[in-house]
Novice: 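Dropping the structure in here first, questions after.
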Number of protein chains: 2
Amino acid sequence: MASHMKQQEVFKAMADPTRRAILKRLQGGPLTAGEIGEAFDITPASLSHHFAVLKHADLVRTERRGQYIVYSLNSTVFEDLARVLMDLFPTKGKAGGK
Amino acid sequence: MASHMKQQEVFKAMADPTRRAILKRLQGGPLTAGEIGEAFDITPASLSHHFAVLKHADLVRTERRGQYIVYSLNSTVFEDLARVLMDLFPTKGKAGGK
DNA sequence: TAGATAATTAGATATTTTTCTAAATATTGC
DNA sequence: GCAATATTTAGAAAAATATCTAATTATCTA
């Protein structure tokens with residue numbers, strides 16, 4: 001029950017507004033790296049770094065589908081926590097603004 | 001209802017393990033800066049910096065009492081969120097270990 | 001008022017993080 | 001196999017953060 005989260009990694013991951021916006025986007029369902037990237041003004045390389053941080057924190061899962069890599073929220077660790085956090089705070093980041 | 005939180009400031013504040021340990025310590029009730037500092041291996045100056053970040057995020061309140069400054073959790077913004085976060089994750093920081 | 005104690009602010013340095021460009025890897029379809 | 005597309009990895013530069021020492025501010029007490 002969320003007891004095997006890497007606390008430091010998760011908080012660090014959540015501290016960046018771009019990463020929070022990525023997570024927010026994924027709440028609508030799985031997306032490819034490219035689809036996620038459309039909403040941001042950064043290079044694919046930078047985005048990839050953010051993905052790595054989120055993955056390391058176990059907040060997202062990846063699955064290769066052909067040439068694409070599909071990202072989705074890791075519901076085990078994340079879904080309940082993410083909802084609590086995301087809904088508790090008003091969105092303000094440049095992308096995914098509700 | 002938690003809708004006027006400064007999202008970015010709060011997450012940034014929570015991203016540092018020393019600051020999370022400070023908050024954790026304050027869950028037992030208000031403490032002076034010095035009392036909080038006893039648990040850490042950093043200088044008062046560094047600690048003061050962390051207090052400033054927590055204050056800026058509205059996570060703690062301060063009140064001067066004589067030569068002391070007493071810190072407490074800001075229950076309005078924090079108490080419910082803090083409980084959710086702190087209880088959801090296992091403690092791992094050097095200080096305030098439950 | 002002077003000295004002691006508590007805490008913060010100023011200024012500098014070291015570390016970490018974010019971002020970029022360029023190069024590498026994986027996969028598709030001809 | 002080769003070119004095109006999707007994504008990641010490597011390496012470097014810029015920006016942000018954490019920490020320190022030294023100096024400052026505020027308060028207490030003798």
Side-chain angles (χ1 to χ4, degrees), chain A residues 6-26 30-72 92-96, chain B residues 6-26 29-73 92-96:
Chain A
K6 304 174 199 163
Q7 187 175 22
Q8 179 54 31
E9 309 305 321
V10 172
F11 277 116
K12 192 169 26 173
M14 300 289 292
D16 184 272
T18 298
R19 287 194 290 266
R20 288 199 306 279
I22 289 171
L23 294 172
K24 190 110 180 137
R25 281 208 107 205
L26 288 176
L31 294 171
T32 68
E35 285 169 336
I36 296 169
E38 285 166 14
F40 301 96
D41 255 359
I42 62 180
T43 64
S46 297
L47 213 28
S48 199
H49 156 72
H50 286 303
F51 291 146
V53 174
L54 290 170
K55 232 168 115 178
H56 189 228
D58 244 0
L59 288 167
V60 300
R61 292 263 176 71
T62 62
E63 179 204 347
R64 178 173 280 277
R65 202 188 291 187
Q67 31 180 184
Y68 304 94
I69 293 183
V70 179
Y71 282 87
S72 53
K92 209 185 252 174
K94 59 176 292 196
Chain B
K6 304 174 200 164
Q7 189 176 19
Q8 179 54 31
E9 309 306 320
V10 172
F11 277 115
K12 194 170 22 175
M14 300 288 293
D16 185 272
T18 298
R19 287 193 291 265
R20 288 200 306 279
I22 290 171
L23 294 172
K24 191 110 183 134
R25 282 207 107 206
L26 288 175
L31 293 170
T32 68
E35 286 169 336
I36 296 170
E38 285 167 12
F40 302 96
D41 255 0
I42 62 180
T43 63
S46 298
L47 213 28
S48 201
H49 155 72
H50 286 304
F51 292 146
V53 174
L54 290 169
K55 233 169 115 177
H56 190 227
D58 244 359
L59 288 166
V60 299
R61 292 264 175 70
T62 63
E63 178 203 349
R64 179 174 278 277
R65 202 189 289 189
Q67 29 181 184
Y68 303 93
I69 293 183
V70 179
Y71 282 86
S72 53
L73 295 182
K92 206 185 255 174
K94 60 175 289 198

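Letters go in sequence order (proteins before strands), and every chain restarts at 1.
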Novice: With no hydrogens and no angle check, is any side-chain donor or acceptor of B:Arg19 less than 3.5 Å from a backbone partner on B:Lys12?
Specialist: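 Yes.
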Novice: Can you check nucleotides 18-25 of chain D for protein contacts, nitrogen or oxygen pairs under 3.5 Å, and list what you find?
Specialist:
from, atom 1, to, atom 2, distance (Å)
D:dA18, OP1, B:Asp16, OD2, 3.3
D:dA18, OP1, B:Arg19, NH2, 3.1
D:dA18, OP2, B:Arg19, NH1, 3.3
D:dA18, OP2, B:His49, NE2, 3.2
D:dT19, OP2, B:His50, NE2, 2.4
D:dC20, OP2, B:Thr43, N, 3.0
D:dC20, OP2, B:Thr43, OG1, 3.1
D:dC20, OP2, B:Ser46, OG, 2.7

Novice: What is the separation between atom CD on B:Glu35 and atom P on C:dT5, rounded to the nearest whole Å?
Specialist: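 In whole Å, C:dT5 P and B:Glu35 CD are 17 Å from each other.
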Novice: Just how far, in rounded Å, is C1' of D:dT7 from CZ of A:Arg65?
Specialist: 16 Å
Novice: Between B:Leu23 and B:Met14, is the side-chain contact (heavy atoms from CB on, under 4.5 Å) condition met? List the steps.
Specialist: CA-CA 9 Å; B:Leu23 294 172; B:Met14 300 288 293; 3.6 Å; yes
Novice: From CZ of A:Phe40 over to P of C:dT18, roughly how many Å is that when rounded to an integer?
Specialist: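 So the CZ-P distance, A:Phe40 to C:dT18, works out to 14 Å.
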Novice: Measuring to OP1 and OP2 of C:dT8, would you say a side-chain N or O of B:Tyr68 lies under 4.0 angstrom away?
Specialist: no
Novice: In whole angstrom, give the distance that lies between atom CG of A:Leu54 and atom C1' of D:dT8.
Specialist: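 It is 15 Å, rounded to the nearest whole Å.
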Novice: Give the minimum heavy-atom separation between A:Gln8 and B:Arg20, together with the two atoms involved.
Specialist: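 That closest heavy-atom pairing would be OE1-NH2, 2.8 Å.
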Novice: For B:Ile22 and C:dA7, what is the distance between atoms CD1 and P respectively, to the nearest whole Å?
Specialist: 13 Å
Novice: Carefully, step by step, assess B:Val53 and B:Leu59 under the rule side-chain contact (heavy atoms from CB on, under 4.5 Å).
Specialist: CA-CA 9 Å; B:Val53 174; B:Leu59 288 166; over 6 Å; no
Novice: Is a side-chain N or O of B:Lys6 found less than 3.5 angstrom from the main chain of B:Asp58, in a donor-acceptor match?
Specialist: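 Not a single qualifying donor-acceptor pair exists.
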Novice: D:dT8, OP1 or OP2 - any side-chain N/O from A:Tyr71 closer than 4.0 Å?
Specialist: yes
Novice: Determine the minimum heavy-atom distance between A:Ala13 and A:Leu54, stating which atoms define it.
Specialist: CB-CD2, 4.1 Å
Novice: Respond yes when some side-chain nitrogen or oxygen of A:Thr32 is under 4.0 Å from OP1 or OP2 of D:dT7, and no when none is.
Specialist: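 A:Thr32 to D:dT7 OP1/OP2: side-chain N or O found under 4.0 Å.
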Novice: Distance check needed: C:dT27 C1' versus A:Gln67 CD, whole Å only.
Specialist: 6 Å
Novice: May I have the distance from B:His56 (atom NE2) to C:dT8 (atom C1'), rounded to whole angstrom?
Specialist: 17 Å
